[in-house]
Peer 1: 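Pasting in a structure now, in structure tokens, and then I'll have a few things to ask.
All ligand and atom numbering here is 1-based and tracks the order in the structure.
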Amino acid sequence: MDVQNRRVSATRLHSMIGPLAEEGPAYASLARGIRRLVANGRMLHGTVLPSERELVTELGLSRTTVSRAYSELRDRGFATARQGSGTVITVPGGPASGGQEPMPDGAIELDAAGRHAVDLTCAAPSAPVGMVEHYEAAMAQLPAYISGMGYFPLGLPELRSEIARMYRQRGLETSPEQIVVTNGALAGFAAVIRAVLPPGSRVLAESPSYPNTIASLRHHGARVSAVPIGPDGTDLEAVGQALRRIQPAAMLCLPDFHNPTGTLLDNEGRERWARQLDAAKTVGIVDETAVDLWWDREPDVKPMAVYSDRIVSIGSASKSHWGGLRLGWIRCPRSLQGAVTSMRTSLDLGAPVLEQLVLTRMLQTGNGLPDESRKRIRAERDWLHATLSDQLPGWKANLPAGGLSLWWNLPAPRSTVLAEAAARHGVLLAPGSVFAVEDHGLEHWIRTPFALPHEELERAVPGIVAAWHEVA
Ligand SMILES: Cc1ncc(COP(=O)(O)O)c(C=O)c1O
């Protein structure tokens with residue numbers, strides 16, 4: 001993985017660390033503040049620290065204090081002195097790339113009581129009530145299609161129209177020709193990156209991020225650089241700096257209930273992000289998989305493509321309807337329509353007709369998640385947040401307005417050993433490092449999906465709590 005020499009200014013470092021603790025020597029507080037940023041994934045492997053002189057001026061400390069803090073970071077493996085660059089952040093143990101989101105093989109094993117492990121590695125809801133009836137109705141429509149060849153490489157025309165209508169409803173003028181139906185968002189993403197990125201291109205992504213899209217970029221030979229984000233959302237200042245420094249061909253954006261942090265970007269932020277992409281001549285690939293997953297109130301936000309015609313949007317029916325449909329779509333800006341559609345047909349020749357009929361019907365009879373599912377998932381979110389906060393008081397997570405997971409900040413960097421211990425207690429968890437884009441600095445974080453049946457969540461909690469007490 002490509003490790004960039006990103007630079008953090010003295011002012012920015014100061015604002016990221018906040019006020020230094022008053023007790024104990026100042027050098028120790030400064031070194032501790034920087035170590036925390038590394039452990040929290042806010043400062044990535046390869047970041048160049050400000051020169052000692054710049055930091056002395058910014059913090060009003062003595063030169064000896066700053067030198068001693070930097071020297072302590074080097075001694076503990078958190079920094080290295082690099083000739084010509086100055087002091088550069090290192091993650092102890094070296095950078096390790098985030099893996100793919102684990103597949104739930106372990107869930108197949110049974111415990112002593114004959115029960116499957118509770119699988120919290122995958123964040124997806126089950127099918128809504130009425131799914132079978134939608135399939136039955138689609139079956140009744142199928143004979144009309146049987147006499148044809150059954151190939152719809154860009155999607156069934158009626159489904160493309162429905163998806164275009166959804167975008168228009170969200171305030172984005174879209175014609176059915178701009179829509180390409182795919183076998184899920186990930187397949188759509190694979191087609192888009194092949195269409196817009198020559199191998200070896202630079203791509204920017206937020207870290208943490210959804211691991212399978214990062215893996216897809218890597219397999220395509222893209223050089224992925226990360227920009228850190230916090231639990232409070234996309235840091236547009238950091239994005240702007242990274243776009244100017246790296247000049248990537250594309251940036252992966254998750255403004256709608258980011259996976260795993262659950263954050264939502266407002267319209268002002270979307271517009272600013274789109275303008276920054278335009279200024280850098282960078283294509284924005286917007287993953288809208290979670291757009292419909294709001295729990296409290298429908299957010300008043302527009303698709304990012306409203307603000308720039310350099311943005312490709314990728315949607316999915318997996319979370320709003322059902323993962324088993326294996327359907328998603330691409331909304332292309334007109335300038336990229338030709339490139340994306342021809343790439344689509346070089347990968348595969350379309351999605352199954354029956355599932356497309358099912359989804360068309362579901363979109364015609366109601367938009368997305370039924371109220372009943374929304375209410376149930378909201379209650380599970382609240383329950384899991386309250387229960388784990390109560391039983392593990394050191395764990396902190398925002399209550400996300402949407403998305404499918406809680407993103408917990410752990411009081412100690414034990415995410416990987418916690419996941420290993422939890423597996424022994426019958427709970428499968430994806431550790432924070434799985435979501436890291438280019439280093440394993442996310443050991444302070446763990447994701448817990450909440451859209452599972454309540455009995456499963458109830459069964460998971462004691463396992464997680466026991467595992468944490470074992471490793472903390
Ligand atoms: C952010 C994100 N993007 C893409 C996907 C893949 O979606 P699909 O099932 O439509 O391929 C997921 C699934 O979890 C996801 O969370």
Peer 1: A cation-pi test, strictly: NZ or CZ of Arg414 under 6.0 Å from the centre of the six-membered ring of Trp468 and no more than 45 degrees from its axis. Yes or no?
Peer 2: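 No; the conditions do not both hold, so Arg414 does not lie above the ring face of Trp468.
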Peer 1: Kindly write out the residues that satisfy ring-ring contact (aromatic ring centres under 6.0 Å, His included) with His134, not counting sequence neighbours, or none if the list is empty.
Peer 2: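 In terms of ring-ring contact (aromatic ring centres under 6.0 Å, His included), with neighbours along the sequence ignored, His134 is linked to no residue.
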Peer 1: For ligand 1, which atoms, with element, lie under 4.0 Å from some heavy atom of Ser316?
Peer 2: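 Reading through ligand 1 atom by atom, the close ones are 8 (P), 10 (O).
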Peer 1: Which of the atoms of ligand 1 are close to Gly184, meaning less than 4.0 Å from one of its heavy atoms?
Peer 2: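 With Gly184 as reference, the close atoms of ligand 1 come out as 10 (O), 11 (O).
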Peer 1: Below 3.5 angstrom, do we get any N/O pair linking Thr213 and ligand 1?
Peer 2: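 Such a contact does not occur with ligand 1.
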Peer 1: Could you say whether the N/O atoms of Leu186 and ligand 1 ever approach to under 3.5 Å?
Peer 2: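 So ligand 1 has an N or O lying under 3.5 Å from an N or O of Leu186.
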Peer 1: For ligand 1, which atoms sit closer than 4.0 Å to a heavy atom of Lys319?
Peer 2: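 Here the atoms of ligand 1 in question are 12 (C), 13 (C), 14 (O), 15 (C), 16 (O).
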Peer 1: Would you mind listing which atoms of ligand 1 come within a distance below 4.0 Å of any non-hydrogen atom of Arg326?
Peer 2: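 By the 4.0 Å cutoff, the relevant atoms are 8 (P), 9 (O), 11 (O).
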Peer 1: Does a side-chain heavy-atom distance below 4.5 Å link Thr289 with Lys319?
Peer 2: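 The answer is yes; the side chains approach within 4.5 Å.
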Peer 1: Less than 4.0 Å between a side-chain N and a carboxylate O, is that true for Arg378 and Asp371?
Peer 2: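 Salt bridge: no.
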Peer 1: Looking at ligand 1, does any of its N/O atoms fall within less than 3.5 Å of an N/O of Ser318?
Peer 2: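 Yes: some nitrogen or oxygen of Ser318 is under 3.5 Å from one in ligand 1.
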Peer 1: Taking all atoms of both residues into account, what is the closest heavy-atom pair of Val353 and Gly150, and its distance?
Peer 2: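 Shortest heavy-atom contact: CG2-O, 3.6 Å.
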Peer 1: Classify the ring geometry of His385 against Trp408: parallel below 30°, tilted from 30° to 60°, perpendicular beyond 60°.
Peer 2: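 Parallel, since the angle between the ring planes stays under 30°.
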Peer 1: In this structure, is the centre-to-centre distance between the rings of Phe435 and Trp407 below 6.0 Å?
Peer 2: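 Judged by ring-centre distance (under 6.0 Å), Trp407 and Phe435 do meet the cut-off.
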Peer 1: Ligand 1 and Ala185, any nitrogen or oxygen pair closer than 3.5 angstrom?
Peer 2: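 So ligand 1 has an N or O lying under 3.5 Å from an N or O of Ala185.
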Peer 1: Check each atom of ligand 1 against the heavy atoms of Leu254 and keep those under 4.0 Å away; list them by number with element.
Peer 2: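 Listed by number with element, the hits are 1 (C).
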Peer 1: Run the salt bridge (Lys or Arg N to Asp or Glu O under 4.0 Å) test against Asp266 and tell me which residues pass, sequence neighbours left out.
Peer 2: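 Salt bridge (Lys or Arg N to Asp or Glu O under 4.0 Å) list for Asp266, sorted by chain: empty.
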Peer 1: For ligand 1, is His258 a contact, meaning one of its heavy atoms is under 4.0 Å away?
Peer 2: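 Not so, His258 does not reach ligand 1.
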Peer 1: Among Trp329, Phe189, Tyr210, Trp322, whose heavy atom sits nearest atom 5 (C) of ligand 1?
Peer 2: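 When every heavy atom of Trp329, Phe189, Tyr210, Trp322 is considered, Tyr210 comes closest to atom 5 (C) of ligand 1.
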